[in-house]
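Down below is the structure, laid out as structure tokens.
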Amino acid sequence: MKTIYILLTRSDTFLSKLVQLFTADPYTHASISFDECLQPLYSSARKNGETMFPAGPTTEVFHRGFYYKHQDIPCALYELSVPDQVYELARREAQQFARDSDLYSFNILGLILCKLGIPFHPKYKYFCSQFVAEILYRSAALELPKDTSLMKPMDYTRLPQLQCRYRGLLRELVRTRALI
């Protein structure tokens, strides 16, 4: 058995504040990793680290870019134990998204339709929690309670297969895992 990690965060960016305004959820962003040090994290997010666009599948790290500059944000880390072959398939899916990131963009309309409960799957477009859900779905890592395009970051906190390993500030998670 191997472990897949899902990191939920809430930053102080405009988009995060907007999502939180409409959802009132403590977490507004989801990333997935296949390493206990959480390096790299895969997600659909800002591609250049600071500005909201361009956005799409990307890798996020703690030693530079957005997370390096914004470590005083709330986060929660969840773990999912899966068979080795499922882990490898999920990891390859995430790596493929990252390799082909120029083909993809951010599913901004999908965010709105997600809030309305309307599934929406435009080709080559994902928002963060949909991106994570798509990897979990494609690899059969777990059965999701709803369509991948309707998964919100908070939905991961309610999945019984996921074990919460940390809740607090990102800075402390980084420090305790010696991630920098």
T176 versus Y166, side-chain donor and acceptor atoms under 3.5 Å: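 Side-chain D/A pair, Y166 to T176: absent.
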Pairwise distance [atom1]([X]) to [atom2]([Y]) - rounded to 0.5 angstrom:
| X | Y | atom1 | atom2 | answer |
| --- | --- | --- | --- | --- |
| D25 | T157 | CG | OG1 | 8.0 Å |
| Y104 | K123 | OH | NZ | 9.0 Å |
| C75 | L7 | SG | CG | 5.5 Å |
| N107 | Y126 | CG | OH | 9.0 Å |
| D12 | H70 | CG | NE2 | 6.0 Å |
| S11 | D72 | OG | CG | 12.5 Å |

Minimum-distance pair of heavy atoms, taken over all atoms of [X] and [Y]:
| X | Y | value |
| --- | --- | --- |
| D35 | C37 | OD2-N, 2.7 Å |
| S33 | L41 | CB-CD2, 3.8 Å |
| P153 | L8 | O-CD1, 3.5 Å |
| V82 | A141 | CG1-O, 3.9 Å |

Side chain to side chain donor-acceptor pair (under 3.5 Å) evaluation trace for Q95 with R92: CA-CA 5 Å; Q95 289 172 338; R92 282 196 306 269; over 6 Å; no
Any pair counted as salt bridge (Lys or Arg N to Asp or Glu O under 4.0 Å), so long as it reaches residues 80-89, sequence neighbours left out: K2-E88, E88-R91
Pairs satisfying salt bridge (Lys or Arg N to Asp or Glu O under 4.0 Å), at least one member in residues 125-140, at least two apart: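 Found E93-R138, E134-R138.
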Do [X] and [Y] come within less than 4.5 Å of each other through their side chains, counting heavy atoms only?
| X | Y | value |
| --- | --- | --- |
| S31 | Y67 | yes |
| I32 | I4 | yes |
| S44 | Q130 | no |
| L170 | F62 | yes |
| T58 | S101 | no |

By salt bridge (Lys or Arg N to Asp or Glu O under 4.0 Å) - contacts of E79 (at least two apart): R165, R177
Contacts of type salt bridge (Lys or Arg N to Asp or Glu O under 4.0 Å), residue R158, not counting sequence neighbours: D155
Candidate pair L111 and I108, rule side chain to side chain contact (heavy atoms under 4.5 Å, CB included), full reasoning: CA-CA 5 Å; L111 271 179; I108 194 77; 4.0 Å; yes
Treating [X] as the side-chain partner and [Y] as the backbone partner, does any N or O pair qualify as donor plus acceptor under 3.5 Å?
| X | Y | value |
| --- | --- | --- |
| T59 | P40 | no |
| T148 | A133 | no |
| Y156 | S129 | yes |
| E172 | L169 | no |
| Y87 | F34 | yes |

Residues in side chain to side chain donor-acceptor pair (under 3.5 Å) contact with S43, at least two apart in sequence or another chain: H29
Y78: side chain to side chain donor-acceptor pair (under 3.5 Å) partners, not counting sequence neighbours: R167
Check for me, please, whether [X] and [Y] land in the same ILVMFWY cluster - side-chain distances under 4.5 Å, paths through other members count.
| X | Y | answer |
| --- | --- | --- |
| F127 | L150 | no |
| F120 | F106 | no |
| Y5 | V61 | no |
| M1 | V86 | no |
| L89 | I135 | no |

Full working for side chain to side chain contact (heavy atoms under 4.5 Å, CB included) between L80 and L159: CA-CA 10 Å; L80 173 66; L159 295 175; over 6 Å; no
Between Y42 and F97, ring centroids under 6.0 Å: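 Ring-ring flag for Y42/F97: false, centres at least 6.0 Å apart.
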Full working for side chain to side chain contact (heavy atoms under 4.5 Å, CB included) between H121 and D147: CA-CA 10 Å; H121 295 275; D147 186 89; 2.7 Å; yes
